[in-house]
Amino acid sequence: MRRFATPALLLGLAGVAAGGVLRVYRPSWATVWPTLLIVGGLLLLFALYASFPSSRDFWGRRTTRYGLNALVMVVLILGIIALVEAVSYRHNWRVDLTENRRHSLAPQTVRVLQELQTPVKATAFFRPDQPGKRTAEDLLKQYAARSEGKFAWEVVDADRDPLRAKRYGVETYGTVVLEATIKDGQVKEEKITDAEEEKLTNALIRVTREGKRVIYFLKGHGEKDPASNEKTGLSEIKAAIEKLNYEVKDLLSARESKIPDDAAIVVVAGPQKDLLPNELDALQGYIGRAGKVLFMIDPFQAPGLGPLLDRYGLGVGNDVIIDVNPQGRMLGAGPEIPVVGDYQAHPITQGFRYATFFPVARTVVVKEKPPEGVTTQALARTSGESWAETNEQEIKSGQVKPDPDEARGPLTIAAVATAEAKDVPQERKGAKARIVLIGDSDFSTNAFVNLSGNRDFFLNTLSWLAEEENLIAIRPKERRNTPVFLTAAQGQVLFWVPVVLVPLAMAVAGVYSVVRKRNR
Amino acid sequence: MRAWAVFKKEMRLYFSSPIAYVVFAIFTLVAGWFFYNVFAFYTLISMQAAMNPTMARDMSVTEGVLRPLFQNISVIMLLMMPILTMRLFAEEKKSGTIELLLTYPVRDGEILFGKYLAALGIFLGMLTLTLVYPALVAWATQLEWGPLLTGYLGLLLQGAAFIAVGILISSLTENQIVAAVSTFGTLLIFWVISWASESAGSTWGRVLSHLSITEHFESFAKGVIDTKDLIYYVNLTILSLFLTLRSLESKRWRS
């Protein structure tokens, strides 16, 4: 039988090879290649059997028994080790020995990650050599590890991939964009500019939250109407807001004593009559719950808002801003349309380089000493060629001139206030109310919204207002800063000791031992 | 106790030939050069950070010096360990003294244990020499002790596993070069095996990255002890030593 072994081996190999080749190149020959494979395989088995010296002899031999014994033991231990590895992979336990436990996530974050329903993708934009990159990567990696495959991340070099940076509107290094696919394949997006755990976790909550958030427009006092397509309507702004994944609703607060909880922002767009006392109470209660309100108040309208604004260190002047700035003239704006090109440093106006036109606007007052817990800041100012006209007669007659008692430009036309919210639940502690006050509402109407930077100014304001901080509060990790500054002498030591001294000592010891041995 | 005798004999061999000294000298030279460069770069960044306050909060000597240092040392180990372990059994097999050794009234386990401890001893010597670097760091600034501890624990566990793999391969061949090259190749494959995890799909990808040596060292290097990583190195060590025992044993019944 042994003499058949070699031909069987060769034939078997040829059969298997031909079968394999045909399987790839002629997969349609469905009877030919399986037959070749099977016959080839059988021939190989036969060759194996035939080439053994004599099978009974083989199995009875001592080496075979020992060999089999060893094989069984090896397989057994491999199985045990694979099992232990699998268990340790699923049930691991870790200790973080860094001083600030910077490689461990807060329990709140872990809970959010475990409750993730939809996959979330994070794209971080960093320069390769940027200092915070490593920290951000560590953080994202931990999020991915705790999310059971729901959280994916990627670091992108914003300089080498400018298209993607542009697509997400990324302007600063270190920005992280979170994307989640919510219902019906719709993709929601959140952007944070600092890869810190608190911000990242809050962004994660926001991006995966079901349902749209609502921006309410107050109604019932002659405000500009978001539903109206007229020149004085806000339909353009409404469409832009809806594109940002918000819902726009009317707020008839005269009927309700409380502003709904789903309100992301309440917009008061140019009321002509005063708000009722219970409406003012509702607004104030809302601000107390870390609410966000945008007030746009036109000249000589709604004087009753004064006391409410006063509580947050803001106010409005009883005047109309007249601006004879030549730049405005050049752009075709009349003197009653002040042009703002001078913005104060604030997230709303960061990197904002367009002029904004405010037709018939009043000044905004920023109190020098705001009440406790409130911080205020001017946002936009008119040019030096403007003044605040207070004389209604002159305005009506159309013959305005600056009087000595009237304030001269630059005049504040928009301001922001943030106030500590007193009426918030424990887990949102530290959340702040945000208020923006603009001395004009016409700039956002259909007639003017497409003029220069008007739309962007409005939307920037909204998106700053809508930012929710502190959905969850996570105490930031304390860092101990350990920079190293060396004197020249210290630098020398740092070179000579590790690079020269230690290796040299080892080499000398080696030579010494060899020489000593030879001399013995 | 008989393992102790084997250990002493091996140690004598390491130190009577220039092997130990050459290994120490070359190792400290390379590691020292890495350390010096990492540290010099860190002082440069410190200067830049001092001028730019937004950068300053991320300056941590643990992240900037120790972590890269541990990773560098672990790469050097990948290169040096095969040299350290190649002769342990291959030499004895070549010269035929293995027959003699196996006929002594010493159990295989004791021989293996003695030789393993000897290689581990040399490795411990290497690690001890590297303590100069954290000492220099501590002299220049404040040191974070936790990550230093975990870093050395990681290096120790990784080294122990590398030596076990090396000793296994040395027991399979009688050519020292073959032993060194095969050990290096095996460790290198385990080192880079996770590179394929991206393309291998999720389950296999996770298995591949779990098999990878680098994947398990990372947490030690940054200051975290994870049972998953600890068990991986211990398992790799136990498995290799067990297989070595089987390989030694087979000498008796194969001939």
Side-chain angles (χ1 to χ4, degrees), chain A residues 62-63 65-67 70-71 73-74 77-78 81 84-85 87-99 102-104 130-132 134-135 138 141 149 479-486 490-491 493-495 497-514 517, chain B residues 15-16 18 20-22 24-26 28-29 31-33 35-36 39-40 42-43 45-47 49-50 55-63 129 132-133 136 139-142 144-147 149-150 202 210 219 222-228 231-232 235 238-239 242-243 246 249-250 253-254:
Chain A
R62 204 172 68 102
T63 44
R65 264 187 297 137
Y66 277 106
L71 189 72
M73 280 175 84
V74 167
I77 196 129
L78 274 176
I81 280 179
V84 170
E85 283 296 316
V87 171
S88 81
Y89 181 76
R90 296 213 168 268
H91 306 277
N92 63 329
W93 177 81
R94 70 203 285 281
V95 240
D96 185 348
L97 288 180
T98 51
E99 275 172 0
R102 62 178 169 272
H103 297 302
S104 304
Q130 204 173 337
R134 184 90 177 252
T135 326
D138 281 345
K141 206 179 274 184
R479 297 166 202 255
R480 190 167 68 181
N481 213 2
T482 48
V484 175
F485 306 105
L486 298 176
Q490 281 176 316
V493 171
L494 271 164
F495 175 78
V497 172
V499 184
V500 180
L501 231 57
V502 177
L504 198 67
M506 290 300 123
V508 168
V511 171
Y512 174 74
S513 88
V514 169
K517 205 175 143 203
Chain B
F15 281 98
S16 65
Y21 300 102
V22 170
F24 284 161
I26 300 296
T28 49
L29 179 66
W33 179 247
F35 167 73
Y36 169 71
F39 202 90
Y42 185 76
T43 54
I45 298 279
S46 293
M47 288 300 280
M55 255 169 79
R57 54 177 202 175
D58 279 329
M59 295 307 297
S60 150
V61 81
T62 312
E63 301 289 326
L129 288 171
V132 173
Y133 314 139
L136 284 170
W139 173 61
T141 182
Q142 261 183 322
E144 210 178 338
W145 293 103
L149 206 76
T150 61
S202 69
H210 183 76
S219 61
K222 69 184 183 191
V224 175
I225 301 178
D226 195 322
T227 49
K228 187 169 70 182
I231 289 173
Y232 171 82
N235 265 346
I238 290 178
L239 179 67
F242 175 83
L243 292 178
R246 296 282 83 78
E249 200 183 66
S250 77
W253 50 260
R254 261 192 313 175

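Atoms considered below: every heavy atom in the structure, side chains included; atoms not considered: hydrogens, waters and symmetry mates.
- Considering only heavy-atom pairs separated by less than 4.5 Å from chain B, the leading option among A/Leu494, A/Val74, A/Leu78, A/Val508 is A/Leu494.
- Contact of B/Leu243 with chain A is made through the side chain alone, with heavy-atom distances under 4.5 Å.
- Annotation: side chain of A/Pro503 is in contact with side chain of B/Thr28 (closest heavy-atom distance under 4.5 Å).
- Looking at B/Thr62 and A/Glu99, their side chains never come closer than 4.5 Å, going by heavy atoms from C-beta outward.
- Of the possible donor and acceptor atoms, one in the side chain of A/His103 sits under 3.5 Å from a partner among the backbone N and O of B/Lys222.
- Heavy atoms closer than 4.5 Å to chain A are found in the side chain of B/Thr141, but not in its backbone.
- Contact count against chain A (heavy-atom pairs under 4.5 Å) is highest for B/Pro147 among B/Pro147, B/Ser219, B/Ala140.
- Contact of B/Ser16 with chain A is made through backbone and side chain together, with heavy-atom distances under 4.5 Å.
- Neither the backbone nor the side chain of A/Arg90 comes within less than 4.5 Å of any heavy atom in chain B.
- The distance from atom NE2 of A/His91 to atom NZ of B/Lys228, rounded to the nearest 0.5 Å, is 12.5 Å.
- Considering only heavy-atom pairs separated by less than 4.5 Å from chain B, the leading option among A/Val484, A/Leu486, A/Val497, A/Asn92 is A/Val484.
- With chain B as partner, the option from A/Leu504, A/Val95, A/Asp96 having the largest number of non-hydrogen pairs under 4.5 angstrom is A/Val95.
- No more than 12 heavy atoms of other residues, nucleotides or ligands shown are found within 6.0 angstrom of OH on A/Tyr66.
- Relative orientation of the A/Phe495 and B/Tyr36 rings is perpendicular, given thresholds of 30° and 60° on the angle between their planes.
- Ranked by heavy-atom pairs shorter than 4.5 Å toward chain B, the options A/Val87, A/Asp138, A/Val493 are led by A/Asp138.
- Taking the side chain as every heavy atom from C-beta outward, B/Asn235 and B/Tyr232 never approach each other to under 4.5 Å.
- Side-chain contact between A/Val514 and B/Tyr21 is absent, with no heavy-atom pair separated by less than 4.5 Å.
- Of the two parts of B/Phe35, only the side chain, counted from C-beta on, holds a non-hydrogen atom closer than 4.5 Å to a non-hydrogen atom of chain A.
- Chain A forms more heavy-atom pairs under 4.5 Å with one residue of B/Trp145, B/Tyr133, B/Phe24, B/Phe39 than with any other, namely B/Phe39.
- Under the 4.5 Å side-chain criterion, counting only non-hydrogen atoms from C-beta, B/Phe15 is not in contact with A/Ser513.
- Note: A/Gly67 leads A/Ala505, A/Ala507, A/Gly67 in heavy-atom pairs under 4.5 Å with chain B.
- Ranked by heavy-atom pairs under 4.5 Å with chain A, the list B/Glu249, B/Gln142, B/Arg246 is led by B/Gln142.
- A/Thr98 places no side-chain N or O within donor-acceptor distance of the main-chain N or O of B/Gly223, the cut-off being under 3.5 Å.
- Contact count against chain A (heavy-atom pairs under 4.5 Å) is highest for B/Ser46 among B/Gly146, B/Gly32, B/Ser46.
- Within the 4.5 angstrom heavy-atom criterion, only side-chain atoms of B/Val132, from C-beta onward, approach chain A.
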